[in-house]
There are 2 protein chains.
Amino acid sequence: MFQLCHDGRMSKPAHPTARRADALSKARIVEAAIEILDARGEAALTFRALATHLATGSGAIYWHVADRNDLLAAATENVLARALMKVAREGEPRAAIRAVALAVFDVIDAHPWAGAHLSREPWHSGVGEIFERIGGWLEPLGVPIDAQFDCASALTNYILGVAGQNAANARTLPDGTDREAWLEAVGKRWIEDDPESRPFLRQMAAQLSEHDDRQQFIAGVDFILAGACIRRIA
Amino acid sequence: MFQLCHDGRMSKPAHPTARRADALSKARIVEAAIEILDARGEAALTFRALATHLATGSGAIYWHVADRNDLLAAATENVLARALMKVAREGEPRAAIRAVALAVFDVIDAHPWAGAHLSREPWHSGVGEIFERIGGWLEPLGVPIDAQFDCASALTNYILGVAGQNAANARTLPDGTDREAWLEAVGKRWIEDDPESRPFLRQMAAQLSEHDDRQQFIAGVDFILAGACIRRIA
DNA sequence: ACCTGAACACCGTTCAAGT
DNA sequence: ACCTGAACACCGTTCAAGT
């Protein structure tokens, strides 16, 4: 899978150490990092693996990238920006906000490591864009002016929160596992932690293992929007 | 600060290696871990530091604890359970839900590392309790039956999400830093990332650096509750 | 300017050996 | 049963030396 020459050119390298013909750059490094992260998860992204993948030394990477965190940040920014760029332009406020929210949901579903990083460093510039792209629709949606900041903030926090949870789930439910059985086990454990009671969890047990994450995510977005549209009483 | 004998007994140890008189136990280990985590942060919790703190060998810790993750999980469960236990029993639904939410908010404000762990492993038994303690009030609050699961889920996700963000903030804003200046800098950067536009962020800039996190957190909880009480139209 | 790769200062975890 | 601490297999990061 990881070949020394991954650019397709089959020319025999002059040096046995196989120095690449094309120059290193931050963009190329980030691209390689994303490949490793997607294929083998966050723990697999080591400077040694990355150096091998890029057919270089680990020190070379440090010439273009400050440290591991910088690398993770750049990779996260990359996939997030790409996802937000592809969001269809909507004309209706609710649909537009949903589209942004779902784009973030989906990009983190596809790249769980990005969700983890986003909830570790929420001041990413991509988060600013989420905030803006959502906030701009609150006025036309009818959210009172003095509730708009709280509302945009709640939505952003909610989206990043769910993103983080999803990243966690993806991390512990690697491909093969039976999602429904696992959720059922978690639910059962939650109930058994307090065998005397927990009536609400007992009642919700079925839904807990059968619900659709993506649909439930949107339900939460709708709650926040609906709640923010109401002029508060006290 | 970290003395070999921290139990107050000043008896001279028989061995120069200072073997403790009191036996090791998971409870004592977790307690020591919490002290280190609170005092010096998540990165400072190493088995070597913990072993020194407990005046033992690193291998001894493994007799009582599976691995580092197990330790972090137990510490998180510990502070969370303690915080939830102290929540005042309320009679009114909205006040009761707010009380639980604020308890989680405050415990993570006090122990940021717990917030980080909670958003990495949201199937903790403590999360089940949050879910139950909130969910049980939705019926009396007037949330329609078919919205209760989505609502409890949205609230839990929101709470854990904000918890994670707060943990992140606490991690990067260590004691001394000027919080307001830092938030202002983040806001400015977000605006400058797209100098053509970002009108919403521009408008919210002042609020971004001046708002009260705790109050904004509760505003989000109220949005979700208000939105869930409305019978949905489509 | 950019790249190399050995070296340094750490980790978590294991395990033979002790009591 | 429980504890000890050296040893192992890794890390991120640095840096003198190369081109």
Side-chain angles (χ1 to χ4, degrees), chain A residues 2 4-7 13-33 36-37 40-75 113 116-117 120-121 171, chain B residues 4-7 13-33 36-37 40-76 113 116-117 120-121 171:
Chain A
F2 294 161
L4 290 182
C5 270
H6 56 93
D7 59 1
H15 313 281
T17 32
R19 185 165 179 165
R20 298 164 337 287
D22 44 347
L24 221 48
S25 68
K26 181 151 180 176
R28 270 175 48 72
I29 292 171
V30 170
E31 186 195 347
I36 293 175
L37 288 162
R40 305 195 284 132
E42 180 168 341
L45 182 69
T46 67
F47 278 81
R48 283 164 178 80
L50 194 53
T52 306
H53 191 39
L54 289 164
T56 184
S58 55
I61 297 168
Y62 278 93
W63 185 265
H64 300 274
V65 151
D67 53 23
R68 189 174 190 271
N69 198 60
D70 182 31
L71 189 56
L72 241 9
W113 49 270
H117 189 77
R120 280 184 61 85
E121 303 199 344
R171 214 181 304 125
Chain B
L4 290 182
C5 270
H6 57 96
D7 57 357
H15 314 280
T17 32
R19 185 164 176 166
R20 298 163 339 286
D22 44 346
L24 221 47
S25 68
K26 180 150 181 177
R28 270 176 47 72
I29 292 170
V30 169
E31 186 195 346
I36 294 176
L37 287 163
R40 304 195 284 132
E42 180 168 342
L45 182 68
T46 67
F47 278 81
R48 282 162 179 83
L50 194 54
T52 306
H53 191 38
L54 289 164
T56 183
S58 55
I61 297 168
Y62 278 93
W63 185 264
H64 300 274
V65 151
D67 53 24
R68 190 174 190 272
N69 198 60
D70 182 31
L71 189 56
L72 240 8
T76 301
W113 48 269
H117 189 76
R120 279 184 62 83
E121 303 200 344
R171 214 180 304 126

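In the text below, chain A, chain B and the rest are named by the order of the sequence lines, each starting its count at 1. Below, each value reflects all heavy atoms present in this structure, side chains not excepted, and no hydrogens, waters or symmetry copies.
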NA contact type, A/Leu45, heavy-atom cut-off 4.0 Å: base, sugar-phosphate, or nothing?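 If one applies the 4.0 Å heavy-atom cut-off, A/Leu45 turns out to touch the sugar-phosphate alone, with no base involved.
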Given atom [atom1] of [X] and atom [atom2] of [N], what is their separation to the nearest angstrom?
X	N	atom1	atom2	value
A/Leu72	D/dG12	CG	P	11 Å
A/His64	C/dC2	NE2	C1'	7 Å
B/Asn69	C/dC11	CG	P	18 Å
B/Asp67	C/dG12	CG	P	11 Å
A/Leu24	C/dG5	CG	P	13 Å
A/Ile61	D/dG12	CD1	C1'	11 Å
A/Leu50	C/dG5	CG	P	15 Å
B/Arg68	C/dG12	CZ	C1'	9 Å

Below 4.5 Å, heavy atoms only, C-beta onward: do A/Leu50 and A/Leu54 meet side chain to side chain?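 A/Leu50 reaches A/Leu54 side chain to side chain.
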Starting at the 5' end of DNA chain D and moving along, which residue's nearest nucleotide shows up first, A/Gly59 or A/Thr46?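 Result of the comparison: A/Thr46.
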Identify the two heavy atoms, one from A/Arg171 and one from B/Arg120, that lie closest to each other, and give their separation to 0.1 Å. NH1-O, 3.5 Å
Mapping A/Arg48 and B/Phe47 onto DNA chain C by nearest heavy atom, which one lands closer to the 5' end?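 That would be A/Arg48.
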Please determine whether a side-chain nitrogen or oxygen atom of B/Trp63 lies at a distance below 4.0 Å from atom OP1 or OP2 of D/dC2. yes
What do the steps show when you test B/Leu72 against B/Glu42 for side chain to side chain contact (heavy atoms under 4.5 Å, CB included), and what is the final call? CA-CA 9 Å; B/Leu72 240 8; B/Glu42 180 168 342; 4.0 Å; yes
B/Arg48 side chain vs B/Ser58 backbone, donor-acceptor pair below 3.5 Å: no
Could you check whether any side-chain N or O of A/Arg68 sits under 3.5 Å from a backbone N or O of A/Leu45, counting only pairs where one atom can act as donor and the other as acceptor? yes
Does D/dT19 have a Watson-Crick or wobble partner in any strand here, with both distances under 3.5 angstrom, and which is it? C/dA1
With both distances under 3.5 angstrom, what nucleotide forms a Watson-Crick or G-U wobble pair with C/dC8?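 Paired with D/dG12.
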